[in-house]
Protein chains: 2
Amino acid sequence: MANAVIWRADTILTDARTTLRDAEVITQDGVIQEVRSRTAAGHDTVRDLGNAILMPGLVNVHTHLDYTAMRGAVEDVSFFPWIRELTSRSALLTPDDWLASAVWGAAECAAGGITTIGDCTPTGNAAEAAALLGLGGVIYQELFGIDPAGQSRDIAMQELEEKLARLRRLTRGTGLHIGISPHSPYTVRNELLRATARYANRHTLPLCIHAAESLPECQLIRTGQGEIADSLRRRGINWKPSGETTVQYLDDCGLLGKRTLLVHGVQVAAADLTIAQRSGLAWAHCPRSNAKLGNGVAPLMLLGPRIGLGTDSAVSSNTLDMFEEMRFAVYMQRASRRQIEVVSANQAVGWATEGGATALGINGRTGTLRPGSSADICAVSLNSLTCQPAYDACSALVYACSARDVVVTVSGGRVIYDTSLASDAMDRFPEIDLRSWARSLEAAASRIKQWKRAE
Amino acid sequence: MANAVIWRADTILTDARTTLRDAEVITQDGVIQEVRSRTAAGHDTVRDLGNAILMPGLVNVHTHLDYTAMRGAVEDVSFFPWIRELTSRSALLTPDDWLASAVWGAAECAAGGITTIGDCTPTGNAAEAAALLGLGGVIYQELFGIDPAGQSRDIAMQELEEKLARLRRLTRGTGLHIGISPHSPYTVRNELLRATARYANRHTLPLCIHAAESLPECQLIRTGQGEIADSLRRRGINWKPSGETTVQYLDDCGLLGKRTLLVHGVQVAAADLTIAQRSGLAWAHCPRSNAKLGNGVAPLMLLGPRIGLGTDSAVSSNTLDMFEEMRFAVYMQRASRRQIEVVSANQAVGWATEGGATALGINGRTGTLRPGSSADICAVSLNSLTCQPAYDACSALVYACSARDVVVTVSGGRVIYDTSLASDAMDRFPEIDLRSWARSLEAAASRIKQWKRAE
């Protein structure tokens, strides 16, 4: 078999429920060809990772790679001032800064075993960065526009089309798909939400929106009151409250369907869950972001079967570590419901792999090590002090491992991160020179530091 | 200055509120001599850690080093069956297994920047292991005895005295102090709790007890009902309920005072907080353990000023990573109270350093980099991909760093972990050969695997 590789490790997890020993995975032409018992195959094509878990590449369903340079720049302030400060600081970034920021985020993903992302990008840089690092998934073009006195609907939709055309160019020939993300119900006005939903439907494009995240958001939609409503009023924008929950409101706008990903879903009522399930939408669960920003804990076990896990941006949760995200997903559910049985380590691994692929509408193509899937693989070493001893693969992955334990990441058959290349993480990316990007990131950070709070 | 070392790093955190740049720390004879602006001192005595945060060694106020070999052995079962299964599995361990288990835990602490522990040990091995690795802190001799038909009080107290004498021998000439830990109100009967309290008072020894951790525990004390009560009844032990909360009950037993550390404090009422504050006791907060075991979230902001952070054992929280414990402490408080302002990164760093030292009754001796304190120091690199960029030291430590970022740990002036020694973590402990302990750990794990559930 030309260009075939035989991947071995002491443990192989083909999906969250299936653990194999003495097995091997054959990849060829970017695809998983076979998972079989170990053979006596020739050494030149074998890569044996030893005391490690070989598993599907992780699926991070909610990232904003663009914002990586602002990791830790806005801390310990409440949700709405936080989002305003990060927007204000980001205005200082140059085009080069934005790209360096997105590349750094994509590199962090690759180094942490992530092969597939669902990214919301205002600038399009996430698409360029993900393509450069070899990540697959869905890049959602992010859209803003709350002010009725701003850009007209037609101009806004025309601009969206141009941005989508750019995303299409940037993702051609990659494992990336494109989609649309009207940012949220409090930053995109009703008319634009409806126009976006119609456009996405017409072009069979996936949709993504931040929804039911914070209390001020829900207050705005339902009553037209609260912190966000006050801020809009100061800008001369009068919000007409619908008396609805966020989910009801988005349903009215035509945004909810099988190709829709709702991000967060912390503030949801029983009626919302019925609507959500009927529409067939998927949820992106970001427990660390929700906790750190004081928004609470999503009622995960009620959200239905289509759930993926997301780290959110480095400004929210600071690291794009899906192992920690799995761990916190379990911890948060158990702490808030005071029950252990409510969620297991296996379920968390499922959300971070096949569940995420389903949430992004690309299951079957990635998220498992089944023959025919894209060769999206990561290997997680159990050699760290904190991973020994290990009794069960999913327990080790969820409760003990870290993104730091990833030793190899393969996306679409390409090795995109490999610890065997160098002892310094900077030199472990076969296709990019991360050291030069580090200098650009530093330049971006120095601009972000220059921000001054308006008096 | 003979044997003086000059420690430098780009950032020096002398305590949670004080960040210095262009500074250096001078240690000599195991003590911090001076913190000063950088000088032109000779290179032979300088250790410059570059892009790192030099800070007080972390204080992990609640560990059970003995149980490290059972990391991940008992997963996804509820609290009381969990504690029974781990006790049952631990019965398979040989004396050599116990020591290897404790040494592994002590090594994990050292590698994660921890210089000081509060450990509860049934076997005494934690004392030997902590001494071997050079950790300081308090080793509490753990005590069990719920069955009135078991060992008489006099015999139990005599056995305790013998065990304390052994701990005294093991800790002689080290930075370790000894204390007593009656395990919990549901595993030590009233009479023994009272006898232990009197003994500790007479000998001015610190006390530690697991308290107000789970709902079944509180149910037992208050009503004599629930899962733990049922289990005791099956063993022929009839519990006389006091109608009190755990804190009230322990107060009646004479256990609460300035030298007492209450571990957990999840299930506490307003009246308990008044008692706790009046008594001057300290709390060990273990948010990951409490979450993972489905016990809930301690009302941390109400517990008063004497709070330290603990990882609990590797059987509960799987890793002895104090960075993740800080992060999770912040996340859990914010998620459960739906507020960001309730706790900051700086506060979390305070709990993990000076707060912990105060909780263990050894503040002034460790927990800050002030002159006269023990030279207990760790250095945390910011070179990891996930730590860049960094805008603020406490934000980076709490929200982005991991135990994996620690590059050097110094305890009482001794370098106990040093990444400059080797690329493999196994070879970074100047005073022990961790590879041989790894083999013993593996042997212990193989015995733990042999456990069979009783039909």
Side-chain angles (χ1 to χ4, degrees), chain A residues 69 71-73 75-79 82 104 107-108 111-112 215 288 290-297 317-321 324 328 330-332 334-342 344-345 384-386 388-392 395-396 399-400 402-404 423 425 438 441-442 444-445 448-449, chain B residues 69 71-73 75-79 82 104 107-108 111-112 215 288 290-297 317-321 324 328 330-332 334-342 344-345 384-386 388-392 395-396 399-400 402-404 423 425 438 441-442 444-445 448-449:
Chain A
R71 183 200 316 273
E75 295 292 20
D76 300 347
V77 291
S78 68
F79 180 70
W82 170 86
W104 199 262
E108 188 179 343
L215 287 172
R288 292 188 304 155
N290 298 152
K292 184 164 176 246
L293 295 174
N295 289 323
V297 183
S317 63
N318 299 57
T319 71
L320 310 183
D321 183 336
E324 197 169 288
F328 279 50
V330 174
Y331 286 3
M332 291 290 174
R334 289 187 178 173
S336 62
R337 300 173 68 98
R338 296 196 177 191
Q339 276 181 32
I340 282 194
E341 299 77 4
V342 73
S344 69
S384 150
L385 295 189
T386 61
Q388 295 179 55
Y391 295 88
D392 171 81
S395 151
Y399 301 131
S402 139
R404 321 289 182 98
S423 62
L441 185 78
E442 212 174 307
I448 289 163
K449 281 179 194 160
Chain B
R71 182 200 316 275
E75 295 292 22
D76 299 346
V77 291
S78 68
F79 179 70
W82 169 88
W104 199 263
E108 188 179 341
L215 287 172
R288 292 188 304 154
N290 298 152
K292 182 161 177 249
L293 295 174
N295 289 323
V297 183
S317 63
N318 298 57
T319 70
L320 311 183
D321 183 336
E324 197 169 290
F328 202 63
V330 174
Y331 285 2
M332 288 312 296
R334 289 187 179 174
S336 61
R337 300 173 68 98
R338 296 197 177 189
Q339 275 180 32
I340 282 196
E341 299 78 4
V342 72
S344 68
S384 152
L385 295 189
T386 60
Q388 294 179 54
Y391 295 88
D392 171 80
S395 152
Y399 301 131
S402 139
R404 321 289 182 99
S423 63
L441 185 76
E442 212 174 307
I448 290 163
K449 281 179 192 160

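Annotation: maximal heavy-atom pairing with chain B below 4.5 Å, among A:V297, A:D321, A:L441, occurs at A:L441. Considering only heavy-atom pairs separated by less than 4.5 Å from chain B, the leading option among A:E341, A:E442, A:R71 is A:R71. Of the listed residues (A:A111, A:A107, A:S395), the one with the most heavy-atom contacts under 4.5 Å to chain B is A:S395. Note on B:R337, B:E75, B:K292: by heavy-atom pairs under 4.5 Å with chain A, the leading option is B:K292. The candidate with the highest count of non-hydrogen atom pairs below 4.5 Å against chain A, out of B:A390, B:P389, B:A444, B:A445, is B:P389. Heavy-atom pairs under 4.5 Å with chain B were tallied for A:V342, A:I448, A:T386; the largest tally goes to A:T386.
With a 4.5 angstrom heavy-atom cutoff, B:S423 does not touch chain A via any of its atoms. Contacts of A:N295 with chain B are made by backbone atoms alone, with heavy-atom separations under 4.5 Å and no side-chain atom involved. For chain B, no part of A:L320 is nearby; none of its heavy atoms comes within less than 4.5 Å. If you measure heavy-atom distances from A:A400 to chain B, the contacts under 4.5 Å come from both the backbone and the side chain. A:L385 touches chain B through backbone and side chain together, each having a heavy atom under 4.5 Å away. Only the side chain of A:W104 comes within less than 4.5 Å of a heavy atom in chain B; its backbone stays farther off. Only the backbone of A:Q339 has a heavy atom closer than 4.5 Å to any heavy atom of chain B. With a threshold of 4.5 angstrom between heavy atoms, B:F328 approaches chain A through its backbone and through its side chain.
The two atoms that bring B:A403 and B:G112 nearest to each other are CB-CA, 3.8 Å, heavy atoms only. Annotation for B:R288 and B:E324: closest pair NH1-OE2, 3.1 Å, computed over non-hydrogen atoms.
Side chains of A:S384 and B:R404 form a contact here, defined as non-hydrogen atoms less than 4.5 Å apart. Side-chain contact between B:L293 and A:I340 is present, with heavy atoms from C-beta onward closer than 4.5 Å.
Under 3.5 Å, the side chains of B:D392 and B:Y399 contain no donor-acceptor pair of N or O atoms.
Going from atom CG of B:N290 over to atom OH of A:Y331 covers 11.0 Å, rounded to the nearest 0.5 Å. Separation of atoms CE (B:M332) and OG (A:S336) is listed at 7.0 Å; rounding is to 0.5 Å.
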